[in-house]
Amino acid sequence: MVNTPAARKSAASLLMVPALASSAVVAASASSATARPPGSPSPDVRFVPGAASAGDAYFPAAGNGGYDAGHYHVRLNYRPNGRRIAATTTMWATATQHLSSFNLDFVGNQVRNVTVNDLPASWRRAGQELTIIPKGGLRKGSRFRVAVTYDGSPNGRRSGWIRTRDGAVTLSQPQGSATWFPLNDHPSDKATHAYTITVPRGLTVVANGEPVRARQQVRRGPSGREGARAPGTTTFRWRSQRPMAGYLAMIAIGRFKTRDGHSPGGIRTFTAVDPSVERNIAWFQRETGRVTDWGVRTFGRYPFDSSGGVIDDVPVLYALETQNRPVYPGRAGLRLTDTRLIVHEIAHQWFGDAVSVRRWQDIWLNEGFATYAEWLWAEQHGGPTAAQEFAKAYARPGNDAEWRQATGRPGRKGMFKYFPTYTRGAMTLHAVRVAAGDRAFFDILRTWAPSRTHGHASTADFVRHAERISGRPLWPVVHDWLYKRGKPARPAQPKGMARTGPN
Ligand SMILES: [Zn+2]
């Protein structure tokens, strides 16, 4: 995520369906049918409730334990009249313990029905916890499928399901997705996603992943449009076949101009703009492709099947790195000269999306890297060097309150503060660059995300990686920059290291 310039000025694996769908049902019903009739206690195993938390100290209610989500399919109808949604979300998952019940994160809306492996299940709600009690329990290791049917008029305002003039867009960092679909809402549990979204004719749906065209209903035209399902409506299908953290799930409903093409380097690039806030889609498409190709040269293989972006009239002051396709709030200040903003969000595809934080405390691994990507882009495209950006930030006096927040321990409230998390995060990377030398540093950057694509990382993982690639001890440097309250010492090149320029 990053605030738009306007805001800064004012303030600061593989898809598992349908093969798994049928095998999950067979496996689960077979095990419960042979062991005992549904609902009867098991003689040999003890079923216990799954945890109501993923154990993240910053967001204790976020995520859940006892299962591993593999795939979500959100089937959703949107009606502008009353801005209502009616939806069924299905999650395919594997039990990681004997489960008597398990939780999903879900807020608002009215739950109408819940099934587990096609059998009715009971449920209760408290806060953001939707607790589901399947008949007979779920054995450890069994795959299961839970379907939740619900409706409502979600209104996340600044996060989650956000209404726009002509529809809605979902922007959910760190935990807004639960406003529009039930999920295990913590980045530690990634899953693939599919969306089947039905909207009134004339509106378009853009989402993560790639558009799916039903083979027999191919039509000319943009974006996975598969043809009218009911009179006056159009159904759009999108599928993200690469694992994704729940907060990165994005659908945008509205009037859009779209472009589906490839970057000069051959990466599929899909962009959309709301013509009421941005008309120059050609520029947006070209620049997104150019930045994506630069990312490949700088950060290694592109981690997903497509790139892109959406400019919409979202009433927020931040852009967000929703997977494949960041969203930029056109109304709030994205200007056509803001390639840096595109650089920031596209860099997140490697840092944050492909490699996700295991716990929110390490958010600098996302924001520090995306900010340093801006510095590198400027350095390589005629702007100030990263060293100059560093010097400018370092000029902040030592008694300035901004130095007091430790970048690696920001606290829940400090996670998205610009200087401590973004700027000092980028300065941390620059300190690593000075200590490791340019050659090793750029090797570290190019190998970090590819070594953990679709996985997770902690700060310790990154430092180990950087030390292995560079052959130098980097913990002392990183420690001062991340965990020391106060202004760290200016980074110095180790003695005997040959001076190299940026490459
Ligand atoms: Zn960001």
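Just follow the structure's listing: the first ligand is 1, and inside any ligand the first atom is 1.
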Colleague: Any idea how many protein N, O or S atoms are nearer than 2.8 Å to the Zn ion (ligand 1)?
Modeller: 5

Colleague: For Gly246, is there any backbone N or O sitting under 3.5 Å from a side-chain donor or acceptor partner on Lys190?
Modeller: no

Colleague: Who passes salt bridge (Lys or Arg N to Asp or Glu O under 4.0 Å) against Arg84, sequence neighbours left out?
Modeller: Asp151

Colleague: Taking the six-membered ring of Tyr195, is NZ or CZ of Arg237 closer than 6.0 Å to its centre and within 45° of its axis?
Modeller: no

Colleague: Between the side chain of Lys484 and the main-chain N/O of His479, is any donor-acceptor distance below 3.5 Å?
Modeller: no

Colleague: Not counting sequence neighbours, which residues clear side-chain hydrogen bond (donor to acceptor under 3.5 Å, both in side chains) with Arg290? List them please.
Modeller: Glu287

Colleague: Can you list everything that forms a side-chain contact (heavy atoms from CB on, under 4.5 Å) with Pro303? Sequence neighbours excluded, please.
Modeller: Trp350, Ala354, Thr453

